[in-house]
Amino acid sequence: MKKKKVSIYDIAEEVGVSTATVSYVLNGKAAEKRISPELQKQILRSAKKNGYQPNMLAKGLSTGKSKIIGMMVEYISDPFFSTIARQIEDKASRRGYKLLYSSTENCTDKTKELLRVYRETQVDGYIIAPPPGVEKEIRTLLRSQVPLVLFDRFFPDLPSFNVIVDNQAGCYEATRHFIARGHRNIALVTLDSLQVQMAERTTGYHKALEESGRTPLVRHIPFTAPEEERVRRIIAFIEDHPEVDAVLFSTNYLAISGIKAIQSLRRSIPGDLGVISFDDNTHFDLFTPSITSVAQPVFGISEAIMDLLWRQMDGPVLPRAKKETVVLPPLLMERNSVGRT
DNA sequence: TCCTCCTGTCGGTCTACAAG
DNA sequence: CTTGTAGACCGACAGGAGGA
């Protein structure tokens, strides 16, 4: 025999009060509503005895809030994104919010579909690392005044709250580091993506090379290419360019593919090729040799995201504060994959 | 036999108001 | 004045009433 779930109505009946009184007591509004301490005690005791669990669906029906924050990242399995998601989940739960997350796979159509699902789920806030092509949908969300924060990349034309890392400075520093260590022909392996964060990384690389009067060499890998194809393309690139003595990879998974490529060519890191990865990976310090990287400050990123989100959720946003981009500095993690002197 | 309205239902929240 | 309550309401949907 299945027992019906306990509702505030059952508690109200048992204690002999109205559901309103039960609701006030269970939501900590007893003092505000001047419910007597004795009655409060009775209600709390009855709730505990019957194992009362609030019905979130009903709560949402009444308040219009789901207490759910929707988060979309490129791949939740990516260490960068999963670390941030974990920290955000932690901060959200401290305020009674749950996190719903999905991977966009950087695919426009999938993201549009996810946005629809999130809207139907009535999420109270959005945290999105948007793929290209969803500008219109994001604009619609902004117009509807839903709390929203974009991170990792954003659309410069949209009046949104954004959190990004100074991508240009990160790649600039990395390239300068190669130069300072005596590398002469430094290549950049990046994605054929037009998104701002990738463009910025490329710009940083170009800037550092221009300053030292060197010629840039950029190889674009399709961002839709699976792992094997990425490795194959990087192998071909290295074989085509024997003069290259250092490679900067613009994402951590490109770096992993690159390291595989270099190993399969039986070249040594850093003897034959210096390597730096933009974006760190939890295991880079365990590699042989350990991999120098430009680390994104994940803690600072999640902190900034939640600051911006709570600000929107806590109160009406002032019109002139409708746009803000927090730019955080990346950090060069010097390890052993650069070489030279 | 359809189809279109209409009403009630779910579990909470909260305003307006009443009893003592 | 203190303490507590009645009942409208939220949105989606099932199911009944009644008309064509």
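In this text the structure is predicted, and so the values were computed from the model without any measurement.
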Filter on ring pair (Phe, Tyr, Trp, His ring centres under 6.0 Å), then keep only pairs touching residues 87-109 of chain A, sequence neighbours left out; what's left?
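For residues 87-109 of chain A: A:Tyr97-A:Trp310.
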Show me the pairs that pass ring pair (Phe, Tyr, Trp, His ring centres under 6.0 Å) and involve residues 162-195 of chain A, at least two apart or across chains.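 Found A:Phe178-A:His183.
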Is the backbone N or O of A:Leu158 less than 3.5 Å from a side-chain atom of A:Arg139, with the two atoms forming a donor-acceptor pair by type?
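Judged by distance alone, no pair lies under 3.5 Å.
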**Report entry** Backbone of A:Asp90 reached by a side-chain donor or acceptor of A:Ser93 within 3.5 Å
**Finding:**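 Yes; judged by distance alone, with no hydrogens or angles, the pair exists.
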Please report, rounded to the nearest Å, how far the [atom2] atom of [N] is from the [atom1] atom of [X].
{"X": "A:Ile43", "N": "B:dG12", "atom1": "CD1", "atom2": "C1'", "value": "15 Å"}
{"X": "A:Ile8", "N": "C:dA6", "atom1": "CD1", "atom2": "C1'", "value": "14 Å"}
{"X": "A:Lys65", "N": "B:dG11", "atom1": "NZ", "atom2": "C1'", "value": "19 Å"}

What verdict does the side-chain hydrogen bond (donor to acceptor under 3.5 Å, both in side chains) test give for A:Glu14 and A:Ser46, after you've listed the backbone C-alpha separation in whole Å, the side-chain angles of each residue and the deciding distance to 0.1 Å?
CA-CA 7 Å; A:Glu14 184 173 294; A:Ser46 170; 3.0 Å; yes
* Scan for side chain to side chain donor-acceptor pair (under 3.5 Å) pairs involving residues 154-166 of chain A, sequence neighbours excluded, and state none if there are none. =>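 Qualifying pairs, neighbours excluded: A:Ser160-A:Asn162, A:Asn162-A:Thr325.
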* Can you name the residues that form a ring-ring contact (aromatic ring centres under 6.0 Å, His included) with A:Tyr126, not counting sequence neighbours? ->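 Counting only residues at least two positions away or on another chain, A:Tyr126 forms no ring-ring contact (aromatic ring centres under 6.0 Å, His included).
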Exercise. Please work out which of the three classes, parallel, tilted or perpendicular, describes the rings of A:Phe81 and A:Phe151, given edges at 30° and 60°.
Key: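 Ring orientation, 0 to 90° scale: perpendicular.
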Can you tell me how the ring of A:Phe287 sits relative to the ring of A:Phe284, calling it parallel under 30°, perpendicular over 60° and tilted otherwise?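 If you compare the ring of A:Phe287 with that of A:Phe284, the planes turn out perpendicular.
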- [ ] Indicate whether any N or O donor in one side chain lies under 3.5 Å from an N or O acceptor in the other, for A:Ser277 and A:Asn281.
- [x]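 Distance-only check fails for A:Ser277 and A:Asn281.
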Is it the case that A:Gln122 and A:Ser66 place a side-chain donor and acceptor less than 3.5 Å from each other?
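Note: A:Gln122 and A:Ser66 side chains miss the donor-acceptor criterion.
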*Describe, as an angle rounded to 10 degrees, how the axis at the first end of the helix from B:dT1-C:dA20 to B:dG20-C:dC1 is tilted relative to the axis at the last end, five pairs per end.*
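Angle reported: 60°, given to the nearest ten degrees.
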With A:Thr63, which residues qualify under side-chain hydrogen bond (donor to acceptor under 3.5 Å, both in side chains), at least two apart?
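Partners of A:Thr63 by the side-chain hydrogen bond (donor to acceptor under 3.5 Å, both in side chains) criterion come out as none, since no residue qualifies.
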Kindly give the atom pairs (protein nitrogen or oxygen, nucleotide nitrogen or oxygen) under 3.5 Å for nucleotides 8-12 of chain C.
from: C:dC10; atom 1: O2; to: A:Leu61; atom 2: O; distance (Å): 3.1
from: C:dC10; atom 1: O2; to: A:Ser62; atom 2: N; distance (Å): 3.3

Short heteroatom pairs, N/O only, protein and nucleotides 18-20 of chain B, under 3.5 Å:
none

In a table with atom names and distances, give each donor-acceptor pair under 3.5 Å that connects a side chain of residues 255-265 of chain A to protein atoms at least two apart or in another chain.
from: A:Ser257; atom 1: OG; to: A:Glu227; atom 2: OE1; distance (Å): 3.4
from: A:Ser257; atom 1: OG; to: A:Arg230; atom 2: NE; distance (Å): 3.1
from: A:Ser257; atom 1: OG; to: A:Tyr253; atom 2: O; distance (Å): 3.1
from: A:Lys260; atom 1: NZ; to: A:Glu227; atom 2: OE2; distance (Å): 2.9
from: A:Ser264; atom 1: OG; to: A:Ala261; atom 2: O; distance (Å): 3.0

Query raised in the report: Using links of under 4.5 Å between side-chain heavy atoms of ILVMFWY residues, direct or through other members, which residues join A:Tyr75 in one cluster?
Result: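 None; A:Tyr75 is a cluster of one.
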SB check A:Asp280 A:Arg335 (cutoff 4.0 Å)
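Between A:Arg335 and A:Asp280 there is a salt bridge, with a charged N closer than 4.0 Å to a carboxylate O.
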Identify all pairs in which a protein N or O lies below 3.5 Å from an N or O of nucleotides 3-5 of chain C, and state each distance.
from: C:dG4; atom 1: OP1; to: A:Ser36; atom 2: OG; distance (Å): 3.1
from: C:dG4; atom 1: OP2; to: A:Ser36; atom 2: N; distance (Å): 2.6
from: C:dT5; atom 1: OP2; to: A:Ser18; atom 2: N; distance (Å): 3.2
from: C:dT5; atom 1: OP2; to: A:Ser18; atom 2: OG; distance (Å): 3.4
from: C:dT5; atom 1: OP2; to: A:Thr21; atom 2: OG1; distance (Å): 2.4

Could you identify which residues of residues 49-57 of chain A place a heavy atom less than 4.0 Å from some atom of DNA chain B, listed by residue number, or say none?
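By residue number: A:Tyr52, A:Gln53, A:Pro54, A:Asn55.
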